[in-house]
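Here is the structure we will look at, set down as C-alpha coordinates.
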Amino acid sequence: QVQLVESGGGLVQAGGSLRLSCAASGMIFSINDMGWYRQAPGKQRELVADIDSGGNTNYADSVKGRFTISRDNAKNMVFLQMNSLKPEDTAVYYCNSYSSYYGNYWGQGTQVTVSS
(Lines give C-alpha, C1' and ligand atoms only; values in the text may rest on other atoms or scores of the structure.)
Protein backbone atom coordinates (compact mmCIF):
# COMPACT_ATOMS: atom_id res chain seq x y z
CA GLN A 1 0.00 0.00 0.00
CA VAL A 2 1.34 3.36 -1.06
CA GLN A 3 1.72 5.92 1.72
CA LEU A 4 3.02 9.48 1.70
CA VAL A 5 3.70 11.29 4.99
CA GLU A 6 4.62 14.98 5.10
CA SER A 7 6.49 16.72 7.89
CA GLY A 8 8.28 19.99 8.56
CA GLY A 9 5.42 22.45 8.48
CA GLY A 10 5.02 25.11 11.11
CA LEU A 11 4.92 28.81 11.90
CA VAL A 12 7.61 31.07 10.48
CA GLN A 13 8.07 34.83 10.09
CA ALA A 14 8.05 36.47 6.68
CA GLY A 15 11.49 36.24 5.12
CA GLY A 16 12.26 33.02 6.95
CA SER A 17 12.86 29.51 5.70
CA LEU A 18 11.32 26.09 6.17
CA ARG A 19 12.03 22.65 4.73
CA LEU A 20 9.22 20.19 4.10
CA SER A 21 9.83 16.46 3.85
CA CYS A 22 7.74 13.68 2.36
CA ALA A 23 8.46 10.04 3.14
CA ALA A 24 7.10 7.46 0.73
CA SER A 25 6.52 3.77 1.27
CA GLY A 26 4.84 0.89 -0.50
CA MET A 27 6.34 1.68 -3.88
CA ILE A 28 9.48 1.62 -5.95
CA PHE A 29 10.05 5.30 -5.29
CA SER A 30 12.43 6.06 -8.14
CA ILE A 31 9.87 5.43 -10.90
CA ASN A 32 7.41 8.00 -9.51
CA ASP A 33 7.05 11.62 -10.43
CA MET A 34 6.77 13.62 -7.19
CA GLY A 35 5.16 16.96 -6.51
CA TRP A 36 4.27 19.50 -3.85
CA TYR A 37 0.86 21.17 -3.95
CA ARG A 38 -0.73 23.69 -1.61
CA GLN A 39 -4.21 24.83 -0.73
CA ALA A 40 -5.14 27.97 1.17
CA PRO A 41 -8.62 28.42 2.70
CA GLY A 42 -11.16 29.30 0.02
CA LYS A 43 -8.71 28.66 -2.80
CA GLN A 44 -8.08 25.90 -5.32
CA ARG A 45 -5.29 23.43 -4.73
CA GLU A 46 -2.33 24.47 -6.86
CA LEU A 47 0.93 22.94 -7.98
CA VAL A 48 3.95 24.43 -6.23
CA ALA A 49 6.76 22.31 -7.67
CA ASP A 50 7.36 18.88 -9.12
CA ILE A 51 10.26 16.63 -9.96
CA ASP A 52 9.98 13.70 -12.32
CA SER A 53 11.64 10.30 -12.24
CA GLY A 54 14.54 11.70 -14.27
CA GLY A 55 15.14 14.59 -11.86
CA ASN A 56 13.64 17.33 -14.03
CA THR A 57 12.01 20.11 -11.99
CA ASN A 58 9.16 22.53 -12.54
CA TYR A 59 7.96 25.46 -10.39
CA ALA A 60 4.97 27.72 -10.14
CA ASP A 61 5.84 31.27 -11.13
CA SER A 62 4.93 32.49 -7.65
CA VAL A 63 7.68 30.43 -5.99
CA LYS A 64 10.34 30.38 -8.68
CA GLY A 65 13.69 31.45 -7.28
CA ARG A 66 12.55 30.98 -3.68
CA PHE A 67 11.63 27.28 -3.43
CA THR A 68 13.66 24.22 -4.40
CA ILE A 69 12.32 20.70 -4.83
CA SER A 70 14.68 17.75 -4.52
CA ARG A 71 14.51 14.00 -4.06
CA ASP A 72 16.63 11.32 -2.45
CA ASN A 73 15.76 8.02 -4.08
CA ALA A 74 17.92 6.04 -1.63
CA LYS A 75 15.78 7.36 1.24
CA ASN A 76 12.44 7.33 -0.61
CA MET A 77 11.99 11.01 0.18
CA VAL A 78 11.19 14.27 -1.55
CA PHE A 79 11.87 17.71 -0.07
CA LEU A 80 10.75 21.28 -0.54
CA GLN A 81 13.18 23.94 0.64
CA MET A 82 11.27 27.19 1.07
CA ASN A 83 13.23 30.42 1.43
CA SER A 84 12.16 34.07 1.59
CA LEU A 85 8.71 33.03 2.73
CA LYS A 86 5.80 35.40 2.30
CA PRO A 87 2.41 35.53 4.05
CA GLU A 88 0.78 34.48 0.78
CA ASP A 89 2.66 31.17 1.03
CA THR A 90 0.44 30.24 3.98
CA ALA A 91 -1.41 27.03 3.10
CA VAL A 92 -1.64 23.32 3.71
CA TYR A 93 1.10 21.68 1.66
CA TYR A 94 0.52 18.23 0.18
CA CYS A 95 2.93 15.66 -1.21
CA ASN A 96 1.88 13.84 -4.39
CA SER A 97 3.21 10.86 -6.29
CA TYR A 98 2.36 9.65 -9.75
CA SER A 99 3.35 6.81 -12.03
CA SER A 100 1.51 4.79 -14.65
CA TYR A 101 2.27 1.70 -12.58
CA TYR A 102 1.05 2.86 -9.14
CA GLY A 103 -1.34 5.65 -10.03
CA ASN A 104 -1.85 8.90 -8.13
CA TYR A 105 -1.47 9.31 -4.34
CA TRP A 106 -1.61 12.15 -1.81
CA GLY A 107 -0.20 12.70 1.64
CA GLN A 108 -2.25 14.04 4.55
CA GLY A 109 -0.84 17.55 4.32
CA THR A 110 1.23 19.78 6.59
CA GLN A 111 0.34 23.32 7.62
CA VAL A 112 2.68 26.19 6.77
CA THR A 113 1.86 29.56 8.31
CA VAL A 114 3.89 32.66 7.48
CA SER A 115 3.37 35.67 9.72
CA SER A 116 4.09 39.27 8.75
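These numbers were taken from a predicted model, which means no experiment stands behind them. Along the sequence shown, residues carry numbers from 1. Only heavy atoms go into these numbers, but all of them, side chains included; no hydrogens, no water, no symmetry mates.
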Legend entry - Derivation of the side chain to side chain contact (heavy atoms under 4.5 Å, CB included) call for Gln108 and Val5: CA-CA 7 Å; Gln108 84 287 352; Val5 180; 4.2 Å; yes
Do Ser62 and Arg38 pass the side chain to side chain contact (heavy atoms under 4.5 Å, CB included) test, and can you show the C-alpha distance, the side-chain angles, and the key distance before you say yes or no? CA-CA 12 Å; Ser62 60; Arg38 67 187 182 188; 3.4 Å; yes
* To do: Under the side chain to side chain contact (heavy atoms under 4.5 Å, CB included) rule, what do Leu18 and Val112 come out as? Steps first, then yes or no, please.
  => CA-CA 9 Å; Leu18 211 57; Val112 172; 4.1 Å; yes
Point to revise | Evaluation steps, side chain to side chain contact (heavy atoms under 4.5 Å, CB included), between Ile31 and Tyr102 | key: CA-CA 9 Å; Ile31 71 170; Tyr102 292 106; 3.6 Å; yes
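The heavy-atom pair separating Ala24 from Leu4 by the smallest distance is CB-CD2, 3.6 Å. Taking every heavy atom of both residues into account, Ser21 and Trp36 meet most closely at O-CH2, 3.6 Å. Listed here is the closest heavy atom pair of Ala14 and Ser116: CB-CA, 4.3 Å.
Considering only residues two or more places apart in sequence or on other chains, Thr113 meets the side-chain contact (heavy atoms from CB on, under 4.5 Å) condition with Leu11, Thr90, Gln111. Applying the side-chain contact (heavy atoms from CB on, under 4.5 Å) test to Ser30 and every residue at least two apart in sequence or in another chain returns Ile28, Asn73.
Cluster membership check: Tyr59 shares its hydrophobic cluster with Met82, using side-chain heavy-atom separations under 4.5 Å among Ile, Leu, Val, Met, Phe, Trp and Tyr. Grouping the Ile, Leu, Val, Met, Phe, Trp and Tyr side chains by contacts below 4.5 angstrom, directly or via other members, places Val48 apart from Met77.
Side chain of Arg66 to main chain of Ser84: a donor-acceptor pair is present (N/O by atom type, distance under 3.5 Å, no hydrogens or angles). Panel note: side chain Asp52, backbone Gly54; a donor-acceptor pair is recorded below 3.5 Å. At distances below 3.5 Å, not a single donor-acceptor pair connects side-chain atoms of Glu6 with backbone N or O atoms of Thr110. Without hydrogens or angle criteria, Asn96 side chain to Gly107 main chain gives no donor-acceptor distance under 3.5 Å.
Residue Ser17 holds its OG atom at 6.0 Å from CD of Gln81, rounded to the nearest 0.5 Å. If you take CE on Met27 and OG on Ser99, they are separated by 7.0 Å, rounding to the nearest 0.5 Å. With rounding to the nearest 0.5 angstrom, the CZ atom of Phe79 is 11.0 Å from the CD1 atom of Ile69. Put simply, CZ on Arg19 and OG on Ser70 are 7.0 Å apart, with the number rounded to the nearest 0.5 Å. Separation of atoms CG (Leu80) and SG (Cys95) is listed at 10.0 Å; rounding is to 0.5 Å. Going from atom CG of Leu85 over to atom OG of Ser115 covers 10.0 Å, rounded to the nearest 0.5 Å.
Both the sub-6.0 Å distance and the 45° axial angle are satisfied by Arg71 relative to the ring of Phe29.
Enclosure of atom NZ in Lys64 by more than 12 non-hydrogen atoms of other residues, nucleotides or ligands within 6.0 angstrom is indicated.
Through direct or relayed side-chain contacts under 4.5 Å between Ile, Leu, Val, Met, Phe, Trp and Tyr, Leu47 connects to Tyr37, Val92, Tyr94, Trp106.
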